[in-house]
Amino acid sequence: MSSSGAAGAGSTDSTAARRNTKRPKYSKFTQQELPACKPILTPRAVISAFLLVSVVFVPVGVASLLASRKVVEIVYRYDSKCIPKNVTNKVAYIQSSADKACSITLNVTKHMKSPVYIYYQLDNFYQNHRRYVKSRSDEQLRKRGEENETSTCKPEDMVNGRAIVPCGLIAWSLFNDTYSFSVNKRNLTVNKKGISWKSDRNHKFGKDVFPKNFQNSSIIGGAHLNESIPLREQEDLIVWMRTAALPTFRKLYGKIEEDLKEGELVNVTLNNNYNTYSFNGKKKLVLSTTTWLGGKNDFLGIAYLTVGGLCFFLALAFTIVYFVKPRQLGDPSYLSWNRNPGGH
Amino acid sequence: MTKGRIRARIRRSHLYTFGCLRPQTTEEGGPHPLQLHGPGYSRTVYCNQPLIHEKKSLFYCNNNISTTKYNVLTFLPKALFEQFRRVANIYFLLAACLSASPISPFSPLSMIAPLAFVVGLSMAKEALEDSRRFLQDVKVNNRKVSVHKSNGEFVPRSWQRVMVGDVVKVEKDQFFPADLLLLSSSYEDGICYVETMNLDGETNLKVKRSLEATLSLDNDGAFWDFSGTIHCEDPNPNLYSFVGNFEYERQVYPLDPSQILLRDSKLRNTDYIYGVVIFTGHDSKVMQNSTKSPSKRSTIEKKMDHIIYTLFTVLILISFISSIGFVVKTKFQVPKWWYLQPDNIEYQYDPKKIMLAGMSHLITALILYGYLIPISLYVSIEIVKVLQASFINQDIQMYDEETGTPADARTSNLNEELGQVDTILSDKTGTLTCNQMDFLKCSIAGTSYGVRSSEVELAAAKQMASDMEEQDTESDLSNFPMIKGRVPRQNVRRAEEIELETVVTSKGDEDKRPAIKGFGFEDSRLMNGNWLKDPKADIMLLFFRILSVCHTAIPEVNEETGICTYEAESPDEGAFLVAAREFGFEFFRRTQSTVVVREKFSASGGVVEREYKILNLLDFTSKRKRMSVIVRDEEGNIILFCKGADSIIFDRLSENGKMYLEATTRHLNEYGENGLRTLALAYKRLNEQEYTEWNNEFHKARTAVGTDREALLEEVSDLMERELILIGATAVEDKLQKGVPQCIDKLAQAGLKIWVLTGDKMETAINIGFACSLLRQGMKQICITLDSDAVTNDRLEVVKGNILNQITNAAQMINMEKDPHAAFALIIDGKTLTYALEDDMKHQFLGLAVDCASVICCRVSPKQKALVTRLVKEGTGKTTLAIGDGANDVGMIQEADIGVGISGVEGMQAVMASDFSIAQFRFLERLLVIHGHWCYKRIAQMICYFFYKNIAFGLTIFYFEAFAGFSGQSVYDDWYMILFNVVLTSLPVISLGVFEQDVPSEVCLQFPALYQQGPKNLFFDWYRILGWMGNGLYSSLIIFFLVIIIFYDQAFRINGQTADMAAVGTTMFTCIICAVNCQIALTMSHFTWIQHLFVWGSIATWYLFLLLYGVLPPKYSKTAYQILIEVLAPAPIYWTATLLVTVACILPYLAHISFQRCFNPMDHHIIQEIKYYKKDIEDRHMWTRESSKARQETKIGFTARVEAKIRQLKGRLQKKQSALGVPSPTYT
């Protein structure tokens, strides 16, 4: 409530001591006087910043664009072509056990240097749906001992009271179209090794975990797995299990490790098994080479060029305006009290 | 006895319902003891029998006080309740509760951890603040006082153990531990002097007088068998009333407030007193008076709430959009998505129970998009404010060496409000002034004495000298168009002329301030008896006698040194007596009827003791504005000595008494102009018969019974105080606190309005107004007052009409005024204010007050201070700051947006109620102009940035939803989301809030106009806030879509792999971290190593985290396993995308600020540039010129005063020249 000082005489010593203790200690930090750099945006700095950006961005953009242009990509949509003309109910057809082999021909328009990557592309397939993403059990995939860890896999967790390995909707809906390629009647070997991430193979999918009770339930989703091959070596599954971010995605199918020459015709024999018809999804087969940038991606280069160009334009605009209507830096006549005297 | 106790119990039961009732009747001094009954008067105290009060029926609360908000038990529930009063926290709590259910898109940990962190931190802060209050309480409760134990033995006991009924002995300069009944004192007549500074802020001593019956109880032994009973009113907050009876030795005596010593007042000038405890602890009057300090929130924080509500609206809106999307998708598409097994689906996705699914998705969405509302905003702001407050506390330039007190930000949540203050309401005594008067000058017999200059004079002279110098070289006379274009030669001559007129007084050296307290006079003509040689020595003798005799003070002789000090009613009187002593007329003894003065220098040469018999004393009242004494000196002559306000005295002079009138008037004006308070002195010789006749009249009037006694007395006094002979005038400097005028000047230049609210009388207040340059000569004073007759005689409507009339007239006068330099001052007294503050008139009053350059309210009660503050706060809607030092300022301090208490002096109540305490008024400048300015900008920028970053982040989650079938899947790992607010973006924004400086501190002081950026709210207006939100929206779009398109479907590495969700999410998150941190780097203008470390460190931390997270076994890192090493880092597209997105995000902001800076720079930009190019060092002249211009147009303060004086002089000069025939405006 009231003061501390019912200070009688003779307390001067203690007050002096108190003074010393209460006195704030001087340091550059507490007095907010730390040395600081105070960069300011002078026109020169601004113009050079914009120029710098454009100088960096334009070459990067050009390089990306060139890289993208170097990529040869063949995209072939086969989902409708591979349905026999007389079939009206596509869904019933795809779910039937009929032989769904189909043959298509791809025209190599440009020399494709090896390795040529084979992708399948699905459209309108929501691998990123929350229910779908969650429906897996990493423990189970990794360790044999955790086979029964299927609580997160519902509804594809158990069949007849036994755990499914690999469980969950993702594995259950594994893509099961297959492709084989030939050029001039010569079969091309498709290398399916090394299409998945190494860390996945080594640490996420166990070498002693074998598929069990897979696709044994009443409804069969996608591909079957060979129960004698450990998950670690089932690279199609490993690739599939990395869920895509967008409803349109490509997944690596394999590699052709020889060049495809311009003008060659590649015959593809495919088994059209996978049901995308019920949700109007498209299926495409993609052959593509890569560069340092990856696949064909003009957008990055264009974006770089746009931003670089914009910066150049801004630099130019600032330069012009600066020359037309220069303002001396630190010119006090721009201070508010000089600009509108009296009228604050 | 037993009967009485039963009655007491019955009455006490009423206490709880009617305890706050005021006494209806106060028959003060009535001959018979009051019959105390009815509610509100039930307290019974058995003196010297404290044990009785331990029993139930008479148990009163103990003397332990507690001002804390919580105790150990209530802390948790209460503090939690406080925390969850914030809407945002409730939202996060709900989200955390729901996070355990399958609806939640996140893991429970990611929801609960940040909330627990945020709430825990805030509660820790509360606990810390409360513990400080607790320690303060403990200190007070443990003070010692002597208490009668038994058998006349007194033992020291701590305050908290003092009980009702205890007899205590309080010694000199100690505080009273509780409300006491005074029994006896070290003085024989049972009086004691009390300082009530802590209660009402008045520093003068008050006399308390014990009952005659208890006078004999004046030693420890007398209390052996003392007993008595007090019946009195119940505890109430009324400081100035007390009703009770004291039953002692079978007699009943009435008690009145003059026997009551209140807790927290202090015993002075009295060796010891004995008293009986009546009210203890929270029952005591001072504690009853204390109100819970209201919790204040700053304007920015209130506005921030609006932004949060806006964001909530956006959140709900996008959640609805998202839910509708979800419903549509689920209803029409999901049944076809066989890979989801739609026939075997949980309820929250089930297309067949679409309503339920939709509702649960809405909740999911509300949680998912919660990142729009920055959970860490409150806690970051709290951290920042605590750090800012510690900077305020540690500012060595706000540390007062004399009292050893540093500044103290007692609540940290108003820091930024300091930068937005518009009106300062200041107490006077103890705040602006030290309440110490210095006798500085006098005018005797038409001659002015005293060579030392007042502070006002010195400063004015200094300023003018420098101004003239500048104008000479600059010829910058744009302010004075009438003299523009004059030839330089004349210019120089004019300057010389002005200098001659003004600087002549500035000889006095500032460091040669008086060694004697209250005496600043210096003139060899009067000192050391030199006046004896003067031809007018007889008049001087009279002058000195008036000084030493005409007063009501009590001398106190210091036994060691033999020097007298004086306890005077007002400090001026003290100054007069000190002056008289120094002149050789030492007043050293007073009895009921005599005054004895020791005259050092007399015509005879030796030291003479002269005794004056006081015949009559005509008291000072604010209406009379004069006081007189009629004395009979040793020769038997009857003389009337009179001192008073000049206007009053001048009206009462006799024909032959006007000899020095003209010269004295001139001197008085001069003194007034120099900020001194003046009084005129006069005398009159009476003959015996004349006096006796008058004295009979006077006696009659004095003994008259009835209401008109006062009027009668006044009338009779008036008869006597006529035909006076003027001999001179005094000029006393009301010593302002150090640096006050300069501080007011700077604050005025910073555009602040200053109102003075004082309990002092009008003249004093006006004088101080002059001294602080709130008033000056040539300012039109609008005094709104009432005749006291009018109040008593007229009906209420008439009185109010009268006041309204005065107000409207004054307002009209201001409207009619053409001269742009005309300044008005409004002076209003407390009585008038009572009416002016009523609902039907207050807006007119406020309107008038706002138009005036300065406002002074005098004679205002503490409550009125609070009311005026509320009126200004609510009427103008601007931020108000109240500053004061005494308990009488507590109301105002609590009412204002910011309350500042002056610490360092004894009283602590103002400080306890305040938000900030400083030791001296002058520190206010630094507190507002530097700390306030910085804190405002820091907090404003910080909040804007906070919303920016959370919008930029939160919206990307929303966009992704649209691509994930609105299923509630987030593209980011849970850990990224937790870390976003808590680690990866928090430190840079905190460093912005703590360390940002637009301009260095000295520039803030040199360019007070920069302060206006705060009151004008340039940095937190909706335009700016929306701009930042727009920037956030833009950034979110850029980040999301660029990343999505770049990583669309093709391979992103040379090895042909395509990007999965983890890769896309991580890249996107990298882009966000880089963009928001680069953005804050652009926002900052002040980089110490700390900012560098935090900003760049945050980006580095992200990569480091990603690296470490990726190294963790896949069990913990899940999809992020080895994501940086294996997946992203080797891919050039990851790096190029980050670069592209970051640059694209900050590009518009960079272009915007560059454009603004280049073509429409703000003041601080220019100053930064000047500093950057060191132009201020190269071109000192420009720098000083600009800093002198960098101020708001103001009509108060030194500078304005000096300007007015220059204008006046120039005007005069012009007249002179035109009279001489120099055609001034054209060349010849």
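Proteins come first, then strands; the chains are lettered A, B, ... in the order of their sequence lines, and each starts at number 1.
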Do the side chains of A:R23 and B:E401 get nearer than 4.5 Å, heavy atoms only? yes
Residue part contacting chain A, namely of B:Y339, when any heavy atom lies under 4.5 Å: both
Verify, without hydrogens or angle tests, whether A:Y119 (side chain) and B:G1056 (backbone) share a donor-acceptor contact under 3.5 angstrom. yes
Can you check whether A:K204 reaches B:Q1122 side chain to side chain, under 4.5 Å on heavy atoms? no
Main-chain N/O of A:A245 paired with B:D1060 side-chain donor or acceptor, under 3.5 Å: no
Gap separating the CZ atom of B:F966 from the OH atom of A:Y126, nearest 0.5 angstrom: 8.5 Å
Measuring from atom CH2 of B:W337 to atom CG of A:L169, what distance do you get when rounded to the nearest 0.5 angstrom? 13.0 Å
Under 4.5 Å heavy-atom distance to chain B, tell me which part of A:Q31 shows up: side chain, backbone, both or neither. side chain
Hey, is CZ on A:F299 packed in by over 12 heavy atoms from elsewhere, all under 6.0 Å? yes
Spatial distance of atom NZ (A:K296) from atom CD (B:Q1050) [nearest 0.5 Å]: 10.5 Å
Whatever's closer than 4.5 Å to a heavy atom in chain A on B:W1183 counts as neither
Does any part of the side chain of A:W172, heavy atoms only, come nearer than 4.5 Å to the side chain of B:Q341, both counted from C-beta? yes
Please report whether the ring centroid of A:F29 lies less than 6.0 Å from that of B:F391. yes
Quick one: does B:S967's side chain have a donor or acceptor within less than 3.5 Å of a partner on A:H129's backbone? no
I'd like to know whether A:K198 forms a salt bridge (charged side-chain N to carboxylate O under 4.0 Å, His left out) with B:E1126, so could you lay out the CA-CA distance, the side-chain angles of the two residues, the decisive distance to 0.1 Å, and finally the verdict. CA-CA 8 Å; A:K198 200 164 152 244; B:E1126 191 190 17; over 6 Å; no
Using the benzene-type ring in the case of Trp, are the ring centres of A:Y274 and B:W338 under 6.0 Å apart? yes
Under a 4.0 Å N-O cut-off, is there an ion pair linking B:K1115 with A:E139? no
Which pair of non-hydrogen atoms, one from A:L41 and one from B:L1150, has the smallest distance, and what is that distance? CD2-CD1, 4.2 Å
Is the backbone of A:R250 close enough, under 3.5 Å, to the side chain of B:T1058 for a donor and an acceptor to pair up by distance? yes
Please flag which part of A:N275 lies under 4.5 Å from any non-hydrogen atom of chain B: side chain, backbone, both or neither. both
